[in-house]
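Bear in mind that the values here come from a model prediction, so they are computed numbers and not experimental data. FYI, side chains are in, hydrogens and waters are out, and symmetry mates aren't considered; it's all heavy atoms of this structure. Numbers restart at 1 for each chain; the letters A, B, ... are given by sequence-line order, proteins then strands.
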Protein chains: 2
Amino acid sequence: MAEQGQVTLGDVARAAGVSLATASRALNGATQVRADLRQRVRAAAERLAYSPNAHARALAKSSNAGVGVICHDIGDPYFAGIARGVMRAASRHDLQVILGSTFRDPLREISYASMMRGQRVRAMLLVGSGFENREWQESLRRELDLYRATGGRVAVISRHRGVRADAVLPENRGGAAELARSLLALGHRSFAVLSGPLSLTTVVDRLAGFRSALASWGIHLLSTQIVEGAFTRDGGYEATQELLRRGLRATCVFASTDVMAIGALAAFREAGLRVPDDVSLAGFDDIPMIRDLTPPLTTVALPLEDLGERAMEMALLPERPARVRVERVQGQVVLRASTGPPP
Amino acid sequence: MAEQGQVTLGDVARAAGVSLATASRALNGATQVRADLRQRVRAAAERLAYSPNAHARALAKSSNAGVGVICHDIGDPYFAGIARGVMRAASRHDLQVILGSTFRDPLREISYASMMRGQRVRAMLLVGSGFENREWQESLRRELDLYRATGGRVAVISRHRGVRADAVLPENRGGAAELARSLLALGHRSFAVLSGPLSLTTVVDRLAGFRSALASWGIHLLSTQIVEGAFTRDGGYEATQELLRRGLRATCVFASTDVMAIGALAAFREAGLRVPDDVSLAGFDDIPMIRDLTPPLTTVALPLEDLGERAMEMALLPERPARVRVERVQGQVVLRASTGPPP
DNA sequence: ACGTTAGCGGAAAGCGCTTTCCGAAAGCGC
DNA sequence: GCGCTTTCGGAAAGCGCTTTCCGCTAACGT
């Protein structure tokens, strides 16, 4: 109980009058120990407020009861939703979660990965689209390869050209295409896109899917009608303002993510444009809050919490099979009041 | 590079042709090592893709470069915002973050705390109101005392009767009182409250503050006009429905948190009540999204990200002083369009 | 009642790293 | 040029736990 004092297994053993080895076995319950002894050890441990040193244990067993999770921004509802699923899964497996939030800095992503490798985490989860930059992809891939070489498991959610790993992949292309078809069915023939940073694969895929669906109707996106913005509410807001400055030549706007769409909604409102009467607006992800906007936002729904749970489970599966596993997750188009027929 | 192979400091030392001790010093840079040797060691480490085993290091130094953070629900925007601040601070100090999400289960809270004690984290951060249950408080307090007895530091955000720890305390009472005064100033004289679970100190404080401000105007809350609900959007939604069933006898409704207020807004809309024309609505916290609701929500703004950063910094301060430190954080009443004069 | 087998508990060898303690080598003054 | 101080690098002792290896006791069969 002293400031410096750490109660060790040895102390417990002594207090219980057994050997160190017996104490260890009694507490971990693997091998047989006489019931009364086990009881005595347990009691001693309790009495001394013994707390096994996780590092010593990890070192001795050369395995660790932790997993690492790296995301772009834990404050973003998209990641927060996924993180919730991850926590659930981890808790089921009695694994602690080490969290990294890169704030979209690729360097930080790599440094987190490296730190987690040093921690010898059981598995690593990369959440969110990777960076399109070859150099970083390369660094990250190297880091992950090293990690796997020592038996680590890697899974990713939605991403990462250049990283060969088990993956839970939202159908970004397919979802966006499906959304485009729904919008076409509403009668829209001219579109604009508020795109996230085109350095992210997710963004590229969603744009590609959307575009290809339009193309098969012979509709092309004007380059002036694609505005790139940050992956945030304000990014969407500003991109929309830019779009309006350029002159909106579309009856329907697709934002790469719901978060951006929220910003767009605000910008439209400020500009005096009514959604969906003057312009329709759709997003992607189905983060919880958008149901409560006015109007509620049309989107492609992703089961965020599931995504997290499934990726975690996947990373925890027994042995790495020869081929990477890929679980594709369909997005579900949800038409809400933010989209309607063109004016 | 083999499946099992872990590159150790010994391997690096051998490859560099120096002793193990020298290798350690060369890499950590504390003591003097000849420049050329250090270079050789660095090169060898690089070549072998050496990754220091964090557990071995933690064990040897008996100190760990991690902090633990326990919150109720990482998926909740309130915690997500705080978590963002925490991550920033931790990243500044090169500390890894172990995250626990209790999903409002006190048992899980205690088990996280205990696990983090086992991890010998440098500091522990408890985020979110504590449970009002004496028994849990007691268990948690014991766990934390044990943790501190071995030199651990604890800080809390917003909470925890029974836990004596450095704290960042949002002025829940004061903020709610201030809000009440603003609402009174708008002309309201009859109020209803959508309260979160009364087992949480935060909720109790906010209710008390609100109530006391009313009391000084001689206004009392009818017990039928206080409805308890879960701390979620749906909790707010259902509590509002219950309130309507009981008969709304108020011109203004105060929800303990913004998240609940969002549910309330939906429920009012469904019931055909216009906000703020028929009823005014206010929340607490100022989570980002409520600015974009229709109408934008009046609330008491808390600097969420700051809260996280400050608590983290506080927990990391050099030595524990004799008295616990307390930083009080004022909430700022932000009047938005969800409140107006009574009908 | 004796030999055999099974099973329990103790001693000890690590797990990979840090760090103290020392001896050796190098640099300095007079 | 000799003795002394100063550095620098190596050997070794842990950090707290798990686990193998073994000796011992107890239980069983005939």
Closest to the [X] side chain, choosing from [options]:
| X | options | answer |
| --- | --- | --- |
| A/L9 | D/dG16, D/dT18, D/dA12 | D/dT18 |
| A/Y50 | C/dC17, D/dC17, D/dG10 | D/dC17 |
| B/R25 | D/dT19, D/dG10, C/dC17 | D/dG10 |
| A/R57 | D/dT18, C/dG10, C/dT18 | D/dT18 |
| B/S19 | D/dG10, C/dT18, C/dG14 | D/dG10 |
| A/T8 | D/dC17, D/dT19, C/dT20 | D/dC17 |
| A/A60 | D/dT18, C/dT19, C/dG10 | D/dT18 |

*With both distances under 3.5 angstrom, what nucleotide forms a Watson-Crick or G-U wobble pair with D/dT30?*
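Here D/dT30 is engaged in a pair, and the nucleotide opposite it is C/dA1.
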*Using purine N1 to pyrimidine N3 plus N6-O4 or O6-N4 for Watson-Crick, or N1-O2 and O6-N3 for G-U wobble, both under 3.5 Å, which nucleotide pairs with C/dA6?*
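The answer is D/dT25, by the H-bond criterion.
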*D/dG10 phosphate, OP1 or OP2: any side-chain N/O from B/T22 under 4.0 angstrom?*
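Yes, B/T22 has a side-chain N/O under 4.0 Å of OP1/OP2 on D/dG10.
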_At less than 4.0 Å, is any side-chain N or O atom of A/N53 found next to OP1 or OP2 of D/dC15? Yes or no._
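It does not, given that no N or O in the side chain of A/N53 lies less than 4.0 Å from OP1 or OP2 of D/dC15.
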_Heavy atoms only, 4.0 Å cut-off, all strands: where does B/S62 land among base, sugar-phosphate and nothing?_
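Since no nucleic acid heavy atom lies under 4.0 Å of B/S62, the category is nothing.
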*Which part of the nucleic acid does A/L37 contact within heavy-atom distance under 4.0 Å: base, sugar-phosphate only, or nothing?*
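If one applies the 4.0 Å heavy-atom cut-off, A/L37 turns out to touch the sugar-phosphate alone, with no base involved.
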*Between the side-chain atoms of B/R120 and the base atoms of D/dG16, is any donor-acceptor pair under 3.5 Å?*
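No, the side chain and the base share no sub-3.5 Å donor-acceptor pair.
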Euclidean distance, atom [atom1] of residue [X] to atom [atom2] of [N] [Å, nearest integer]:
| X | N | atom1 | atom2 | result |
| --- | --- | --- | --- | --- |
| B/K61 | C/dG16 | NZ | C1' | 14 Å |
| A/L20 | C/dG14 | CG | P | 17 Å |
| A/D11 | D/dC15 | CG | P | 11 Å |
| B/R14 | D/dG10 | CZ | C1' | 15 Å |
| A/N64 | D/dC17 | CG | C1' | 14 Å |
| B/L27 | C/dT19 | CG | C1' | 15 Å |

Note: [X]-[Y] ion pair, threshold 4.0 Å (strictly below):
| X | Y | answer |
| --- | --- | --- |
| A/R84 | B/D76 | no |
| B/R164 | B/D145 | no |
| A/R104 | A/E109 | no |

*For B/L59 and for B/D36, find the nucleotide of DNA chain D with the closest heavy atom, then tell me which residue's nucleotide is more 5'.*
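Closest to the 5' end, via its nearest nucleotide, is B/D36.
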_Parallel, tilted or perpendicular, judged at 30° and 60°: which one describes the rings of A/H72 and A/F79?_
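If you compare the ring of A/H72 with that of A/F79, the planes turn out perpendicular.
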*asked:* salt bridge (charged side-chain N to carboxylate O under 4.0 Å, His left out) for B/E313 and B/R310? Distances and angles first, verdict last.
replied: CA-CA 5 Å; B/E313 293 295 352; B/R310 287 163 72 171; over 6 Å; no
*asked:* Any non-hydrogen side-chain atom of B/V18 less than 4.5 Å from a side-chain atom of B/R40?
replied: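 Counting from C-beta outward, B/V18 and B/R40 do come under 4.5 Å.
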